[in-house]
Amino acid sequence: MRASQFHLSTTRETPNDAEIVSHQLMLRAGLIRRLGSGLYTWMPLGLKVLRKIENIIREEMDRAGALEMLMPAVQPAELWEESGRWGKFGPELLRLTDRHNREYCVGPTHEEVITDIARRDLKSYKQLPLNFYQIQTKFRDEIRPRFGVMRSREFIMKDAYSFGIDAASLQESFDAMHIAYCAIFDRMGLDYRAVEADSGSIGGAQSREFHVLADSGEDAVVYATEGDYAANMEKAEAVCNDPRGEASLPMQTIDTPNVHTIDELAASLKVDATQCLKTLLVKGSDEKVPVVALLLRGDHQLNEVKAEHLPEVASPLTMADAELIRSTVQCDAGSIGPVGLNIPVIADANAACMSDFICGANTNAQHLTGVNWTRDLPEPIVRDIRNVIEGDANPKGNGILKIVRGIEVGHIFQLGDTYSKALDATVLDENGKPATLMMGCYGIGVTRVAAAAIEQNNDSAGIIWPLSIAPFEAVVCPVNMVKSDAVKEAAEKLYTELKDAGVDVLFDDRPLRPGAMFSDMELIGIPHRFVVSDKLLANNEIEYRGRSDSEASIIARDEVLAKII
RNA sequence: CGGGGUAUAGCGCAGCCUGGUAGCGCAUCUGCUUUGGGAGCAGAGGGUCGUAGGUUCGAAUCCUGCUACCCCGACCA
């Protein structure tokens, strides 16, 4: 491709509403243009990147035996009513009405459609297992789109859905996808982790998220320093190996005026937050237990997903409001404690192994010190309800937990029979009896991968594309071609040679000064750069510089192909 | 949804307080010179100042409504 005919459109200045580096660089390099909130046009240069990402995904999905198809973006409401999601899905589902007043949504995902296909098309266990996928535009009306295509409303996703006769078959499909995903992200040259994720309300089902590691990531990824344990924050298991200390202090009531938070409590008593116990009141799961107390060590944070899964706790998790707190403990939030409570008390393991601790006295402006389990209050129910913190013990063995930031680019998940049951998708099994299909779903955010790759690979000059997803693999930069026929001829020849060798090469034939040309090519992140100039030609040489090399090197003209093939 | 902010040329901004008919940098176009790290000089084009109304002799500027966009928050015991 010749740059003069490719509409490269780079800018030196950064648009002021771009917060993170990938968004800034994508705009500056001319990969994308914003149309509206969370809506982006992919320019020719950006589309080349998307196509390369898609092709890698396609090749690996095909290799894993999945079949590509294409479903409609707009879906009838009836299907969603059948699955029960028309009512459950919140405002992020974009709903619309056609001229006949029939209701539709723009698909944020395609479980309903694919399950509908399956129930109509699949009749026998002999047709299984199957895995269908598509690469298609989705729409989710995000509360707050941000970070460019990282969290946009319209985005391109690869979604796949597997169908098996039983749980074992589902597990096989799931494992095959796990392998395929690793192959995909390996080929893209990304630093990523596959982590255990919360599997929602479906018990026993497996769920893995694939995160590209980057400091700007929106998710916390937890991994163990020894062994291969890795999980996201919702799922990461918090364990407590510390023994409970002996009770050494008597329980005392102290006045604590103007103390409402753990920080204030620790500061006023000059103790560590780890000595304080935090009591949270949440709504219970039924009318008989309207309120449940959740206990955490002062420095720990509640994990809402874990709490929500507890049978005693209402789902979705709802914090008790001021009125409910008043009627339960006769004091305000900030002075609540577990001593003398006659509601279910659920403590995190670390909270349950505290001794001589400090907590609210259930009277405003008072706290208790020297509190001890068994002696002063009954043993609590112990459950994992907190977020892990850096340095926690590895729940699966030796070592400790570390926390890094990640960008979720893929998710594989065992759906089981949730949708197949709701939509009655069955096939006949070996005994001629109807069997409900076991489904898995597997997503990759195609557009997000592009942003994540930049987030992970950039420097002050611009993007540093991994070779496999770079818009061009190499660029030929002639110096002062307008004046030198020799340079023009040599550059044309090099360009043709690279092209004929199968290299996706850009020929920067624009009449630019070298500085401007180099800056542009670095901004858009082309991995290999070859410079042709009169001086170099005199010695039959070419200058080569890899995008992440600190310096250029001079190579012989006939070493060019060997350099990159 | 709550709070804050912005809207002036393609992009980044000034002008607004104190009303008098719009300017700077980058980009664009023309010419000449220049050509190994975002060139110099000379010239040119481009804006219903988000939108609707109000005040005024006169509004980018003051007032009101609307719209769009951005940021922060939605863990508090």
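Worth knowing before you read on, the calculation uses all heavy atoms, side chains too, and leaves out hydrogens, waters and symmetry mates. In the text below, chain A, chain B and the rest are named by the order of the sequence lines, each starting its count at 1.
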### Task
Check each of A:Phe507, A:Tyr495, A:Tyr544, A:Phe472 against A:Phe530 using the ring pair (Phe, Tyr, Trp, His ring centres under 6.0 Å) test, and report the only one that passes.
A:Tyr544

Interatomic distance at [atom1], [N] relative to [M], whole Å:
| N | M | atom1 | value |
| --- | --- | --- | --- |
| B:U8 | B:G4 | P | 22 Å |
| B:G54 | B:A59 | C1' | 11 Å |
| B:A68 | B:U28 | C1' | 27 Å |
| B:C49 | B:A42 | C1' | 30 Å |
| B:G53 | B:G43 | C1' | 43 Å |
| B:G36 | B:U30 | C1' | 28 Å |
| B:U33 | B:C16 | C1' | 43 Å |
| B:A7 | B:U61 | C1' | 15 Å |

Distance check needed: [N] [atom2] versus [X] [atom1], whole Å only.
| X | N | atom1 | atom2 | result |
| --- | --- | --- | --- | --- |
| A:Met26 | B:C11 | CE | C1' | 19 Å |
| A:Gln24 | B:G12 | CD | C1' | 13 Å |
| A:Asp520 | B:A27 | CG | P | 12 Å |
| A:Leu35 | B:C69 | CG | C1' | 13 Å |
| A:Met481 | B:U35 | CE | P | 17 Å |
| A:Glu304 | B:A74 | CD | P | 10 Å |
| A:Leu27 | B:C26 | CG | C1' | 17 Å |

### Query
Got a salt bridge between A:Lys306 and A:Glu237, using NZ or NE/NH1/NH2 to carboxylate O under 4.0 Å?
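A salt bridge is absent here (no side-chain N lies under 4.0 Å from a carboxylate O).
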
### Task
Identify whether the distance between the nearest side-chain nitrogen and carboxylate oxygen of A:Arg146 and A:Glu19 falls below 4.0 Å.
no

### Task
Can you see which heavy atom on A:Val476 is nearest to which on A:Pro478, and at what distance?
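The answer is O-CD, 3.5 Å.
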
### Query
Looking at A:His411 and A:Ser207, what are the two nearest heavy atoms and their distance?
NE2-OG, 2.8 Å

#### Entry: Donor-acceptor pair under 3.5 Å, A:Arg529 side chain vs B:G37 base
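Yes, a donor-acceptor pair under 3.5 Å.
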
### Message
Between B:G36 and A:Asn480, counting only base atoms on the nucleotide and side-chain atoms on the residue, is there a donor-acceptor pair under 3.5 Å?
### Response
no

### Query
When we call it a touch if two heavy atoms are under 4.0 Å apart, what does A:Arg28 touch: a base, just sugar-phosphate, or nothing?
base

Choosing from [options], which nucleotide comes nearest the side chain of [X]?
| X | options | value |
| --- | --- | --- |
| A:Leu523 | B:A77, B:G38, B:C71 | B:G38 |
| A:Ile262 | B:C75, B:A77, B:C26 | B:A77 |
| A:Glu522 | B:C76, B:C69, B:G37 | B:G37 |
| A:Lys483 | B:G37, B:C69, B:U34 | B:U34 |
| A:Ile336 | B:A77, B:C69, B:U35 | B:A77 |
| A:Val531 | B:U35, B:G36, B:A27 | B:G36 |
| A:Ser519 | B:A77, B:U35, B:G38 | B:G38 |
| A:Val482 | B:U35, B:C69, B:C26 | B:U35 |
| A:Ile143 | B:A74, B:C69, B:G36 | B:A74 |
| A:Arg513 | B:A39, B:A77, B:C11 | B:A39 |

#### Entry: 5'-most by nearest nucleotide on RNA chain B - A:Val282 or A:Ser533
A:Ser533

### Check: A:Gln330/A:Thr363 side-chain N/O donor and acceptor closer than 3.5 Å
no

### Message
Checking side-chain polar atoms at under 3.5 Å, does A:Thr274 have a donor or acceptor matched by the opposite partner on A:Asp272?
### Response
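Judged by distance alone, the side chains do pair up.
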
Hunt down the Watson-Crick or G-U wobble partner of [N], both distances under 3.5 Å, from any strand shown, or write none.
| N | result |
| --- | --- |
| B:G38 | none |
| B:C16 | none |
| B:G65 | B:U51 |
| B:U56 | none |
| B:G45 | none |
| B:C26 | B:G10 |
| B:G2 | B:C72 |

### Query
So, does A:Glu154 use its side chain to make a donor-acceptor pair with the main chain of A:Leu39 at under 3.5 Å?
no

